[in-house]
Amino acid sequence: MSGRELYQHGDYCPTRNIGWCTIHGILIFGTHIMFNIKHSLELLVSAAIAEATGLSNCNANVIYSSRPEFGDYQANGIMAIAKQLKSNPRELAVRVVSALQSNDLIADAQVAGPGFINLFLNDATLATAATRFAHGEQNLLGAVDHPQRIVVDYSGPNLAKEMHVGHLRGTIIGDSIVRVLEAVGHDVIRQNHVGDWGTQFGMLIAHMESLGENSTKVHTQLADLETFYREAKSRFDLEPGFADLARSYVVKLQGGDRDCLSAWQKFIDESLGHCEDIYELLGVTLSKDDLRPESFYNNELADIVNALREANMLTASEGAQCVFLEEFKGKEGTPLPAIVQKSDGGYLYATTDLAALRYRGKNLAAERVLYVVDARQSLHFQQVFAIARKAGFVPGACSLEHIAYGTMMGEDGKPFKTRSGDTVKLKELLDESVRRAHDIVSAKSPELSPEHREQISNVVGIAAVKYADLSKNRTSDYVFDWSTMLSFEGNTAPYMLYAYARIKSILRRQGEGVHPERSEVRITAVEERNLIIKILQFPEVVDVVASECYPNYLCAYLYELAGIFMRFYEACPVLKAESDLRASRVTLVSLTAATLKQGLGLLGLETLEQM
RNA sequence: GGGGGUAUAGCUCAGAUGGAUAGAGCAACGGCCUUCUAAGCCGUAGGUCUCAGGUUCGAAUCCUGAUACCCUCACCA
């Protein structure tokens, strides 16, 4: 049972324009609350079910109709309720329909099939709602009924190396989720849990130190982090003295040695600079303020282990400090440990995550914590969540969710690598996409200036990579393929950006003739009606993305919106229409533009006025 | 071996709480530019939703089993 309080009988009060039902004094289909046709229908139908059966809390099960003749929405809940009551579903559906309170949202409700109720929306209400949006009397996205403080952990690259394609998904999926949550009114705290601590840094600092103290030189050396890491690793493996030096640096680092710390800091700053360049290029909203690196929790780790010991959750096993939980079994059903302290006294990933979770629960007062992390870490997070709950590190009501995503594969179905088997640097991937976009832009629009073409290909190239990822269900692995991604057809960023550019072109050409903020939207063709309904459904999909964290729902919606607009564009002349009709259509075009721009914005994509 | 995941058109992918005739794009074939950007629109063709059972008025979706592939299971993150 989510959020919203249920209908209480007899609470309706009509309002002047479109709005209607008040539930516990809250205007649902009105101005305050997120405008949401589906919720309104659910409330209306469940009220009618209550009226017809005396049952409260019934799920009307309202969904989009699969075919036009079945209406705009359909209520499928009747069959289940009839079964529960051992009554005839069709008869019940008829009684529910006649129990529907008169309202101006539903124009017609028809019983069909075994007990479906097909709902047809009122054209005048749709037109009025669209007009109100255009006039700015109602926001496309309003505030959620219960704003939450939500911590979102995403991106989290390892600073020892350069960002590679493996970091793309978490970074952009997380960024989109964060934008959506904020848009619906939640209080979002971003956390970039970067890896800046661990044994590998001893090796890197040792290598850096040996190259000299000169800071400009360091900057140059670290320009290619990947090569730098490889060199350090190779020396670590081959030079006997170097490995010892590296290990001694680790010890000194952990002991708080000032020189070592300052060298480490130098390295971290350089590496962070690389990340920031990527974030800038990707248009990701993470900033320095969102950094909570692993080292941030260094001083908490001993206390985490102590707290677990005091809670009697700790077991020594093979020299390590472990937490064994009933629900986790390892090989041959033996208990599976989560190790929080190594036999040499060192701490691990799980320890840091427990500290982070306690910080988020206690210090940040999170009500919901989202971990946008690779699906392969699922077991790790299940363990960490279970331990944190049992140890009381987070409030019981706090929701902990692993927002898992799959792996990016190459065309061979194996994890995406270069031909030589190396990981692909994110920077190189993005540069190549922009380069390919540039070739296409130059071929399609040779009349544009070189600067303009460059600007377009920058936006299109980045958007293509992001959209190709965001448009897929995050839980599954997917095949990265230049040809499908940059074919610029179908459900792709270029298609969406092109639709937007066409829209803007109309609005430019119409000049000062029409003022959408004072014009009336009318429905004179089915393409107009379809477009209006789709626009009004924007809040519904955003709502689902905010709760389920699947950005591909939003992509699918925007693709459909763009498609419906294209059909409107083909069928309904805008600038050639006369007077009121022209004003109405220009207004619709303007609303479509606003919705597309906002939707793409929630995905973290820029738009182009022209392409 | 335990646990988790995936299997949908030739290819790449959608299919939220079980709903009516399973959807897109690419590739193939055929239409539409002297009219608001053809990076577009319309149409044709393409499916035993891995297999076998089960639950249900109704299953790609839920349950059981099988097969294939992937991930994961003690001191990496």
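Lettering of chains follows the sequences in order, A, B, ..., and the numbering in each one begins at 1. Side-chain atoms are counted along with the backbone in the values below, which use heavy atoms only and exclude waters and symmetry mates.
Between N76(A) and G18(B) there is no side-chain N or O to OP1 or OP2 distance below 4.0 Å. For A14(B), the OP1/OP2 oxygens have a side-chain nitrogen or oxygen of S476(A) closer than 4.0 Å. Listed pair S343(A) / C75(B) fails the phosphate criterion, with no side-chain N or O lying under 4.0 Å from OP1 or OP2. Considering only side-chain N and O atoms, R67(A) lies nowhere under 4.0 angstrom from the phosphate OP1 or OP2 of A20(B). Dashed line: the shortest gap from a side-chain N or O of K444(A) to OP1 or OP2 of U37(B) is not under 4.0 Å. Applying the 4.0 Å criterion to OP1 and OP2 of A39(B), one finds that Y498(A) has a side-chain N or O inside that range. Distances shorter than 4.0 Å separate some side-chain N or O of R509(A) from OP1 or OP2 on U37(B).
If you check every strand for non-hydrogen atoms under 4.0 Å, Q510(A) touches nothing. Using a 4.0 Å heavy-atom cutoff across all strands shown, D344(A) reaches no nucleic acid atom at all.
The separation between Q382(A) atom CD and U72(B) atom P is 14 Å, rounded to whole Å. One interatomic measurement links the two molecules: CD of Q341(A) to P of A74(B), which rounds to 19 Å at whole-angstrom precision.
For G1(B), the paired nucleotide is C73(B), the pair qualifying as Watson-Crick or G-U wobble because both relevant distances are below 3.5 Å. Of the nucleotides present, C63(B) is the one that pairs with G53(B) by Watson-Crick or G-U wobble criteria, both distances under 3.5 Å.
Glycosidic conformation of C33(B) is syn; the angle stays within 90° of 0.
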V323(A) vs M313(A), side chain to side chain contact (heavy atoms under 4.5 Å, CB included): CA-CA, chis, key distance, verdict:
CA-CA 6 Å; V323(A) 179; M313(A) 291 169 65; 4.2 Å; yes
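Counting only heavy atoms from C-beta on, I63(A) has its side chain closest to U17(B) among U17(B), C75(B), A24(B). When distances are taken from the side chain of K472(A) to each of U37(B), C13(B), A77(B), the shortest belongs to C13(B). Comparing atom distances between the I339(A) side chain and each of U37(B), C57(B), A74(B) picks out A74(B) as nearest. Side-chain proximity of Y478(A) to C13(B), U37(B), C42(B): nearest is C13(B). Minimum atom distance to the side chain of N118(A) is reached by A20(B), of the listed A20(B), U21(B), A16(B). When the nucleotides C70(B), C73(B), C75(B) are ranked by their closest atom to the side chain of E318(A), C75(B) comes out on top. Of the candidates G40(B), A77(B), U72(B), U72(B) carries the atom nearest the L379(A) side chain, counting heavy atoms from C-beta on.
At a threshold of 4.5 Å between non-hydrogen side-chain atoms, the residues D353(A) and H193(A) count as touching.
Side-chain N/O atoms of K161(A) and base N/O atoms of A77(B) include no donor-acceptor pair closer than 3.5 Å.
By the 5.5 Å and 30° criteria, F328(A) is not stacked with the base of G3(B). Here F70(A) counts as stacked on A20(B): its ring centre is under 5.5 angstrom from the base ring centre and the planes meet at under 30°.
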